[in-house]
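Right, one structure below, let's go through it.
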Amino acid sequence: MARTLGVAVVGFGWMGRVHTQAYARVLHHFPLLGLRPHLVTVAEEVPGRAEEAAAQFGFASTTRDWREVAADPRVEAVSVTAPNFLHREIGVAMAEAGKHLWIEKPVGLGAGDARAVADAAARAGVQGTVGFNYRNAPAVEAARELIASAELGSVTHVRIRLFSDYAAHPESALTWRYERERGGSGVLGDLASHGVDLARYLLGDITALAADTAIFLPERARPTGATAGHARAVGGALGPVENEDYVSCLLRFASGARGVLEACRVSVGEQNAYGFEVHGTRGAVFWDFRRMNELGVSRGTAYQDQPVSRVYVGPGAGEYGAFQPGAANAMGYDDLKVIECHRFLRSIAEGTSHGATLTDAVHNATVLDAMTRSAESGAWVTLRP
């Protein structure tokens, strides 16, 4: 029989809701997990929001102070889905209290924050899973295996794109996301962090990079009340956008491959246009998040005029079989978080890390910090192995 594990969620915006739904669903898809998550408490400082979460999802208690979660003996594992500037303080405190961590990227405002959380978790001997959810797509896992098998030959270059319009409206509210002190980087931490994780997951370590960034909407209106998601604000005082809307980056990998990563949060006409194109000496593989369960694959011996085939991934790819019985049955974004939840809980049950770890978060943040330095200096930045 599965052991009950007390879990808490700190921060109940959209991502807190996604984590909570994943806890509720995980045993439906992974019945042999061995742990049964029990929703103990939810912490949210916005008045009334925690109570609404408890009423909808069945949390046993609520609080407006996350410190009460750290002191709660009923809680063994915590989802940290609060704003970026709180990740370090909350993450370190929870780890020091002996709580396992499922924490959203980018784990703070820079590599120093991510390293502090990782070090605290290591000292406490707790597990840490990070929300790099796109690597959990079964098609992405299939692409990784294809690359590792050398069926594409030696990888020569990759292009990774993450375009979205969530901040494109000029009336988007000037929330913490656009401030250096509370949000840290802009599209770097929000979208490019996923691109860096995909790059490392597929091709290995990045050794050098050159980046350029830009702010295209320099002012936004300050909100007059609590906000959630990407709310609009009309009539508030204008304030400056302090972090980047756009980044482009050239990458060099330890393998010798080259890469281009581009991300933008103000791309009109683009909604979650995330994906990659990996080219090798004998073939290529293509993935688009909006067609999450498909791959474009080119392989063979023709080299020139070699066709691309559409491949629908099925139960043999990643965790697909836990959701659908046959290829071409759709999975969605929330399913990726259920997979992430399963890997988090499995890490706790087995005492061995599964999925994206806090070490991955440190590597990721180190690359993002290097992008910032490169954009400021206009020079290539070399990364230590």
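A salt bridge does not link Arg346 to Glu319: none of the charged nitrogens lies less than 4.0 Å from a carboxylate oxygen. Salt bridge status for Arg3 with Glu76: present, with a side-chain N to carboxylate O gap under 4.0 Å. Ion pair Lys337/Glu104 flagged as a salt bridge, since at least one NZ, NE, NH1 or NH2 atom sits closer than 4.0 Å to an Asp/Glu carboxylate oxygen. Checked for salt-bridge contact, Arg180 and Glu244 meet the test: a charged N lies under 4.0 Å from a carboxylate O.
Alongside Tyr303, the hydrophobic cluster contains no other residue (criterion: ILVMFWY side chains under 4.5 Å). Residue Phe286 shares its hydrophobic cluster (ILVMFWY side chains chained together at separations under 4.5 Å) with Val308.
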Run the side-chain donor-acceptor check on residues 123-131: report pairs under 3.5 Å with partners two or more places apart or on a different chain.
residue: Gln127; atom: OE1; partner: Ser353; partner atom: OG; Å: 3.0

Please list, one pair per line, the donor and acceptor atoms closer than 3.5 Å that link side chains of residues 366-373 to other protein atoms, with sequence neighbours excluded.
residue: Thr366; atom: OG1; partner: Val362; partner atom: O; Å: 2.8
residue: Asp369; atom: OD2; partner: Ala111; partner atom: N; Å: 3.0
residue: Thr372; atom: OG1; partner: Leu368; partner atom: O; Å: 3.3

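Residues meeting the ring-ring contact (aromatic ring centres under 6.0 Å, His included) test with Tyr333, sequence neighbours left out: Trp14. Take Lys105 and apply the side-chain hydrogen bond (donor to acceptor under 3.5 Å, both in side chains) test, not counting sequence neighbours, and it matches Asp190. Residues passing the side chain to side chain contact (heavy atoms under 4.5 Å, CB included) test with Glu219, sequence neighbours excluded: Leu238. Tyr320 meets the ring-ring contact (aromatic ring centres under 6.0 Å, His included) test with no other residue; sequence neighbours excluded.
A distance of 6.0 Å separates OG1 of Thr81 from NE2 of His19, quoted to the nearest 0.5 Å.
Sorted by first then second residue, the side chain to side chain donor-acceptor pair (under 3.5 Å) pairs that include residues 276-285, not counting sequence neighbours, number zero. Each ring-ring contact (aromatic ring centres under 6.0 Å, His included) pair with one or both residues in residues 247-277, not counting sequence neighbours, appears once here: Tyr134-Tyr274, Tyr274-Phe289, Phe276-Trp287. Within the structure, salt bridge (charged side-chain N to carboxylate O under 4.0 Å, His left out) pairs that include any residue of residues 9-34 comprise Arg25-Asp335 (at least two apart or interchain). For residues 71-94, no residue pair satisfies the ring-ring contact (aromatic ring centres under 6.0 Å, His included) rule, not counting sequence neighbours.
The closest donor-acceptor contact from the side chain of Gln306 to the backbone of Ala302 lies under 3.5 Å. Judged purely by atom type and a 3.5 angstrom limit, Asp113 has no side-chain atom pairing as donor or acceptor with the backbone of Arg88.
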Determine, step by step, whether Ser347 and His354 satisfy the side chain to side chain contact (heavy atoms under 4.5 Å, CB included) criterion, reporting the C-alpha distance in whole Å, the side-chain angles of both residues, the deciding distance to 0.1 Å, and the verdict.
-> CA-CA 6 Å; Ser347 298; His354 297 277; 3.7 Å; yes
Please walk me through it: do Arg144 and Val140 pass side chain to side chain contact (heavy atoms under 4.5 Å, CB included)?
-> CA-CA 6 Å; Arg144 185 175 190 240; Val140 172; 5.8 Å; no
Derivation of the side chain to side chain contact (heavy atoms under 4.5 Å, CB included) call for Leu174 and Val241 | CA-CA 7 Å; Leu174 187 68; Val241 172; 4.2 Å; yes
Arg67 and Glu89: salt bridge (Lys or Arg N to Asp or Glu O under 4.0 Å), yes or no, with the steps?
-> CA-CA 10 Å; Arg67 294 167 185 82; Glu89 184 181 9; 3.3 Å; yes
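Nearest approach of Leu27 to Leu35, heavy atoms of both residues: CD2-O, 3.5 Å.
With contacts defined as side-chain heavy-atom distances shorter than 4.5 Å, the pair Val266/Asp165 does not qualify.
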